[in-house]
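Inspection log for the structure reproduced underneath, given as structure tokens.
Note on naming: letters A, B, ... go to the chains in the order of the sequence lines (proteins, then strands), and numbering restarts at 1 for each one.
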There are 2 protein chains.
Amino acid sequence: MEKEEKTAIPAEKLSKILDIAQKRFARFGLAKTTMSDIADDLGVSKAALYYYFPDKECIFKKVMAREQGSFCGQMQNLLESNKKIDALLTDYIEHRIEYLKALLNLGQLTHEAFSATKPLYASLGKEFFEREKSMVAKLLQKGIDRKELQKINVDEYAGFFVHVLRSLRLYTLNLEELWKQGNIDKEIKKEYLFFTKIFLKSIEKL
Amino acid sequence: MEKEEKTAIPAEKLSKILDIAQKRFARFGLAKTTMSDIADDLGVSKAALYYYFPDKECIFKKVMAREQGSFCGQMQNLLESNKKIDALLTDYIEHRIEYLKALLNLGQLTHEAFSATKPLYASLGKEFFEREKSMVAKLLQKGIDRKELQKINVDEYAGFFVHVLRSLRLYTLNLEELWKQGNIDKEIKKEYLFFTKIFLKSIEKL
DNA sequence: AACTGACCTTTTAACAAAATTGGTCAAAAG
DNA sequence: CTTTTGACCAATTTTGTTAAAAGGTCAGTT
């Protein structure tokens with residue numbers, strides 16, 4: 001299933017391709033962006049793309065990964081900051097929403113298109129889930145070390161926390177009405193914050 | 001949109017029809033159960049069914065309502081019991097899972113079929129959501145009156161509680177793997193209980 | 001090594017034909 | 001007057017077919 005590029009792609013050329021591909025993906029989504037489209041925008045032939053990438057999905061994943069990398073970088077900064085646990089969690093939510101917005105933009109604008117691409121998102125999400133969980137776990141561990149939180153099983157709690165966020169997100173993303181209103185991210189953020197409040201209260205040191 | 005039956009249906013005949021219809025729905029789901037199927041099982045003609053019910057969806061809804069009524073009855077008993085708030089909530093989860101199992105049975109066995117029926121479930125769920133929310137609200141209010149819980153906005157908290165359960169449920173119901181293993185309800189129950197634990201801790205009186 | 005145009009194969013789109021099924025109705029049965 | 005029926009209609013779903021489009025490969029050019 002997994003293919004790998006034959007050659008190490010020059011960084012400059014890579015980012016150029018990803019930039020142009022990302023614009024197409026943002027406008028038309030994965031399905032309605034053809035390799036010819038990207039190639040044309042780049043001013044090269046379709047075959048040239050296949051010289052650098054094994055398939056279309058690989059380009060899409062690379063674009064996603066770039067966005068993901070940016071988010072993880074911000075999380076790394078958070079982990080190195082001196083903020084208190086409640087600030088850490090709300091900042092995390094803030095970054096998470098920004099990341100979500102980037103993915104949504106990158107996905108497509110319509111609700112139907114999102115539903116169609118869902119399987120791919122799911123497969124990408126699976127890998128990412130573990131990463132996010134471990135970041136949240138570190139965050140919680142920090143709270144414990146600082147005596148701000150009770151001694152809990154950080155892996156279990158982090159896993160559940162991320163799981164609930166995902167469930168809330170996917171449910172809301174399936175509500176067609178909110179897509180049309182165009183404020184899905186606002187709604188999701190509100191739910192995220194409410195849950196975070198509850199979650200935090202339940203594990204705070206008394 | 002809403003049609004109403006012309007005549008008051010004799011209770012005995014009604015339950016007979018619902019019983020037979022329910023068996024079909026349980027085996028094949030709403031879409032793949034035809035009116036002729038039900039009529040044949042009943043030993044009458046299709047037109048006879050339409051003498052009692054305006055349309056197929058109405059039969060399905062009646063079957064659902066019967067199940068829902070049973071659940072709401074149990075909740076009523078809970079509200080009149082003397083158990084402590086944590087027992088109330090876990091009992092609620094217990095009944096909720098049983099109700100879910102009934103609906104699943106009533107729905108169909110395959111994952112794909114569930115996705116197809118989703119719109120109808122969604123519309124039914126919308127009405128039910130408010131009812132469930134108000135029941136949970138009463139439950140929480142009981143906890144407050146007994147000084148077991150902090151003074152919170154019961155409507156807000158009940159709404160969010162039910163919303164999270166629904167999100168968790170729908171996410172898990174979309175995991176094809178779990179359907180095949182056949183222990184979806186176990187998995188959902190586990191998540192329900194974990195969330196309930198957190199939720200309760202966050203609003204317990206110290 | 002970087003790239004192209006022609007080529008192959010698989011997916012998707014579009015459309016029509018056929019079959020199924022939800023729903024109606026006048027008339028019959030009791 | 002209540003209940004049931006078989007024939008009938010309209011709308012939806014299913015199926016099959018065909019043409020276009022798009023993903024992906026490759027021998028060969030620059």
Side-chain angles (χ1 to χ4, degrees), chain A residues 1-18 20-21 24-25 27-63 108 110 112-113 115-120 123, chain B residues 1-18 20-21 24-25 27-63 108 110 112-113 115-120 123:
Chain A
M1 296 296 164
E2 295 281 322
K3 298 180 182 180
E4 32 183 307
E5 56 264 33
K6 307 148 193 173
T7 324
I9 310 170
E12 194 186 341
K13 189 155 276 179
L14 174 68
S15 79
K16 176 92 183 181
I17 296 176
L18 294 187
I20 282 178
R24 277 276 170 188
F25 289 140
R27 244 200 245 284
F28 307 105
L30 171 64
K32 301 217 165 177
T33 295
T34 72
M35 291 297 264
S36 304
D37 287 339
I38 301 174
D40 289 350
D41 286 355
L42 262 154
V44 297
S45 75
K46 185 176 63 167
L49 272 183
Y50 282 97
Y51 180 73
Y52 291 109
F53 293 93
D55 54 38
K56 187 167 81 162
E57 205 174 290
C58 186
I59 299 183
F60 190 72
K61 281 185 177 175
K62 276 270 197 311
V63 174
Q108 49 279 317
T110 69
E112 308 79 56
S115 300
T117 325
K118 210 160 39 176
L120 177 58
S123 95
Chain B
M1 296 296 165
E2 294 281 323
K3 299 180 180 180
E4 31 184 307
E5 54 263 34
K6 308 149 194 174
T7 324
I9 311 170
E12 195 186 341
K13 189 156 275 180
L14 174 67
S15 78
K16 176 94 183 176
I17 296 177
L18 294 186
I20 282 179
R24 277 276 170 186
F25 289 141
R27 243 200 244 285
F28 307 105
L30 171 64
K32 301 217 165 175
T33 295
T34 72
M35 291 298 265
S36 305
D37 287 338
I38 301 175
D40 289 350
D41 287 355
L42 261 153
V44 298
S45 75
K46 186 177 65 168
L49 272 184
Y50 280 97
Y51 179 73
Y52 291 108
F53 294 92
D55 54 37
K56 187 167 80 160
E57 206 174 290
C58 186
I59 299 184
F60 190 71
K61 281 186 176 175
K62 276 267 197 309
V63 174
Q108 49 280 320
T110 68
E112 308 80 57
S115 300
T117 324
K118 212 160 38 175
L120 179 57
S123 96

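The distance between atom CG of B/Leu49 and atom P of C/dT21, rounded to the nearest whole Å, is 15 Å. Rounding to whole angstrom units, CZ of residue B/Phe28 and P of C/dT21 are separated by 12 Å. The distance from atom CZ of A/Arg24 to atom P of D/dA22 is 11 Å, rounded to the nearest whole Å. For the pair A/Asp37 CG and D/dG24 P, the interatomic distance rounds to 14 Å; values are reported in whole Å. Rounded to whole angstrom, the span from the CE atom of B/Met35 across to the P atom of D/dC9 amounts to 20 Å. Here D/dT4 presents its C1' atom at 12 Å from CD1 of B/Ile17, a figure rounded to the nearest Å. Following rounding to the nearest Å, B/Ile59 (CD1) and C/dG22 (P) show an atom-to-atom distance of 10 Å.
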Verify side chain to side chain contact (heavy atoms under 4.5 Å, CB included) between A/Met35 and A/Ile59, making sure each step is shown before the conclusion. CA-CA 10 Å; A/Met35 291 297 264; A/Ile59 299 183; 3.9 Å; yes

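Between B/Tyr51 and the phosphate of D/dT3, there is a side-chain N or O to OP1/OP2 separation shorter than 4.0 Å. The shortest distance between the side-chain N/O atoms of A/Tyr50 and the OP1/OP2 oxygens of D/dG24 is below 4.0 Å. In terms of phosphate contacts, A/Lys13 brings a side-chain nitrogen or oxygen within less than 4.0 Å of OP1 or OP2 of C/dC3.
Interatomic distance, B/Lys46 NZ to B/Leu49 CG, rounded to the nearest 0.5 Å: 10.0 Å. Interatomic distance, B/Ile38 CD1 to B/Phe25 CZ, rounded to the nearest 0.5 Å: 4.5 Å. The line from CG of A/Asp37 to CD1 of A/Ile20 is 12.0 Å long, rounded to the nearest 0.5 Å. Atom OH in B/Tyr52 sits 14.5 Å away from atom SG in B/Cys58 (nearest 0.5 Å). For the atom pair B/Ser36 OG and B/Asp41 CG, the distance stands at 10.5 Å (nearest 0.5 Å).
Non-hydrogen atoms lying under 4.0 Å from DNA chain C are contributed by A/Val44, A/Ser45, A/Ala47, A/Ala48, all within residues 38-48 of chain A.
Distances from the side chain of B/Lys56 to the nucleotides C/dG23, D/dG23, C/dA1 place C/dG23 closest. When each of C/dA2, D/dT25, C/dG22 is scored by its nearest atom to the side-chain atoms of A/Tyr52, the top-ranked nucleotide is C/dA2.
When the local axes at the two ends of the helix from C/dA1-D/dT30 to C/dG30-D/dC1 are compared, using 5 base pairs at each end, they differ in direction by 30° after rounding to 10°.
Judged purely by atom type and a 3.5 angstrom limit, A/Lys56 uses its side chain to pair as donor or acceptor with the backbone of A/Thr33.
With the nearest nucleotide of DNA chain D identified for both B/Lys32 and B/Pro10, B/Pro10 has the one nearer the 5' end.
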Run the side-chain donor-acceptor check on residues 9-18 of chain B: report pairs under 3.5 Å with partners two or more places apart or on a different chain.
residue, atom, partner, partner atom, Å
B/Ser15, OG, B/Glu12, O, 3.1

